[in-house]
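Here's the structure we're looking at; comments come further down.
In this chain, residues are counted from 1 in sequence order.
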Amino acid sequence: MKKYITGLFVLVLSSYPAFSQNAAPSAAVQKADAEVQAVVRSMDTTVTTTSYDVTEKNKRGTANYGEVTQTVNGEVEDSYAYASYDPSRSSLANDKAMEISYAFGGSYSTNEAKGGKKYGKTGMGTGVNMLFKLTPNLGMGLDYMFLNPDGREYDTQAVNFHQFRAHNIAVAGKYTVNAWDNLRLYVPFGVGMMNARLKTDVGAASTSSDKWGASMYAGIGVQYDFCPVLFVGLEYRYVYSFISDKHLSNFGKDDNLQFHDVFLRVGMRF
């Protein structure tokens, strides 16, 4: 019933000229229509554009930046810039101020006694290293090594050598060639002091001597960063000590001690 009444009302109104489709709209209607059309045109011509959008990726991370502009009827209404940075694994690693690592591997000495007998054969070597980062490429700190080539036994009635051991502590350095890679090549080096000990057996008689002296080492290593905190590597060191073997055994040739060491190194950054 309501629908029929509404239809009848519209039919009656349309019969009057003021409400007829053919009649000219009033000033108020024209003004309202103009305002509506202006809004429609404004909505139709509001354009949001990205002036530029750049993504750059390198070993230090990924950067994204750009600018967005909004225009209305050809005029700039709003404009803003944006930027974001996602650091790489190596960048996060280089942000750490300190690293501590533990090394375990083998140690060998090239020194030999009079007559050509070696003091030891390949044995065990271990150590710990603590470095503070000065730059992404260079760290400095302290290093400790315990070198223990196995003693050699030639004949129970001849000269034999045992307990060939060395403790070395040094001011240490580490220069990383490619500090912004996850697989890194580096050069370990250090200068410090060593205490070396050697036991010599001659038949039933036995003597044991030790000596302190200056030392230095240098080498080369490669390490891989599993994450910004943990890394593992393989390292070679050549260690030279200003300790003559004549101070360790009566059979010494007066040669300074030398060691070749290979370590598996595992470390953490803080």
Side-chain angles (χ1 to χ4, degrees), residues 58-62 85-110 122-149 165-197 211-243 256-270:
N58 55 37
K59 294 179 180 180
R60 303 193 181 203
T62 302
Y85 171 63
D86 183 20
S88 65
R89 189 191 315 171
S90 59
S91 291
L92 294 174
N94 290 335
D95 282 340
K96 306 297 182 183
M98 182 179 73
E99 70 175 51
I100 295 178
S101 63
Y102 172 76
F104 181 84
S107 180
Y108 174 74
S109 175
T110 58
T122 302
M124 180 268 291
T126 186
V128 63
N129 184 276
M130 179 176 67
L131 300 174
F132 295 90
K133 187 181 66 179
L134 303 181
T135 71
N137 296 89
L138 180 63
M140 297 293 294
L142 295 174
D143 181 90
Y144 167 76
M145 286 185 289
F146 173 64
L147 309 178
N148 186 201
R165 299 169 181 171
H167 298 270
N168 190 82
I169 185 168
V171 175
K174 176 182 178 182
Y175 180 78
T176 303
V177 178
N178 52 333
W180 299 99
D181 290 323
N182 296 322
L183 183 63
R184 305 185 181 196
L185 180 69
Y186 67 92
V187 177
F189 58 92
V191 176
M193 295 293 293
M194 175 182 287
N195 177 262
R197 176 179 293 273
K211 178 72 174 177
W212 280 96
S215 64
M216 59 184 181
Y217 70 86
I220 191 168
V222 60
Q223 73 179 41
Y224 179 75
D225 295 340
F226 287 108
C227 65
V229 175
L230 298 175
F231 64 87
V232 64
L234 188 65
E235 179 179 308
Y236 163 77
R237 289 185 179 186
Y238 168 70
V239 183
Y240 185 90
S241 175
F242 295 91
I243 300 175
N256 288 341
L257 300 182
Q258 301 177 59
F259 300 86
H260 298 271
D261 308 299
V262 177
F263 296 131
L264 176 67
R265 186 171 295 277
V266 179
M268 294 183 64
R269 298 186 180 95
F270 301 90

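- Heavy-atom minimum distance, L257 versus A196: CD1-CB, 3.5 Å.
- Taken to the nearest 0.5 Å, the OH atom of Y175 stands 12.5 Å off from the CD1 atom of I220.
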* How far apart are the C-alpha atoms of M124 and F104, what are their side-chain angles, what is the distance that settles it, and do they pass the side chain to side chain contact (heavy atoms under 4.5 Å, CB included) test? -> CA-CA 8 Å; M124 180 268 291; F104 181 84; 3.7 Å; yes
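- With hydrogens and angles disregarded, a donor-acceptor distance shorter than 3.5 Å links the side chain of S90 to the backbone of K59.
- Between G233 and L264, the shortest heavy-atom contact is O-CD1, 3.4 Å.
- When atom types are taken as modelled, the side chain of S91 and the backbone of R60 share a donor-acceptor pair closer than 3.5 angstrom.
- Between Y224 and F226, the distance from one ring center to the other falls under 6.0 angstrom.
- Smallest separation of non-hydrogen atoms from D261 and F263: CB-CZ, 3.7 Å.
- D143 places a side-chain heavy atom less than 4.5 Å from the side chain of Y217.
- At distances below 3.5 Å, at least one donor-acceptor pair connects side-chain atoms of N178 with backbone N or O atoms of L185.
- Residues H167 and Y144 meet the side-chain proximity criterion, which asks for heavy atoms closer than 4.5 Å.
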* Could you give me the CA-CA distance, side-chain angles and deciding distance for Y108 and V262, then say whether side chain to side chain contact (heavy atoms under 4.5 Å, CB included) is met? => CA-CA 9 Å; Y108 174 74; V262 177; over 6 Å; no
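- With hydrogens and angles ignored, the 3.5 Å screen pairs a side-chain donor or acceptor of N137 with a backbone N or O of T176.
- Side-chain atoms of R184 and F231, non-hydrogen and from C-beta on, never get closer than 4.5 Å to each other.
- Contact between P188 and G221 at its shortest, heavy atoms only, is CD-N, 4.2 Å.
- Contact between F259 and A166 at its shortest, heavy atoms only, is CZ-CB, 4.1 Å.
- One finds the OG atom of S215 at 8.5 Å from the CZ atom of F242 (value rounded to the nearest 0.5 Å).
- When side chains are defined from C-beta on, N168 does not count as touching L147, because their heavy atoms never get closer than 4.5 Å.
- Rounded to the nearest 0.5 Å, atoms CD1 (I243) and CZ (R197) are 11.5 Å apart.
- Classification of the H260-Y236 ring pair by plane angle, with boundaries at 30° and 60°, yields parallel.
- For the atom pair CD (Q223) and CG (L183), the distance works out to 9.0 Å, reported to the nearest 0.5 Å.
- The minimum heavy-atom distance between S241 and N256, with the atom names listed, is O-CB, 3.1 Å.
- Under the 4.5 Å side-chain criterion, counting only non-hydrogen atoms from C-beta, N129 is not in contact with K174.
- If you take CD on Q258 and OG on S109, they are separated by 7.5 Å, rounding to the nearest 0.5 Å.
- Looking only at distances, no side-chain donor or acceptor of S101 sits under 3.5 Å from a matching main-chain atom of V266.
- Not counting sequence neighbours, the partners of V229 by the side chain to side chain contact (heavy atoms under 4.5 Å, CB included) test are K96, C227, M268.
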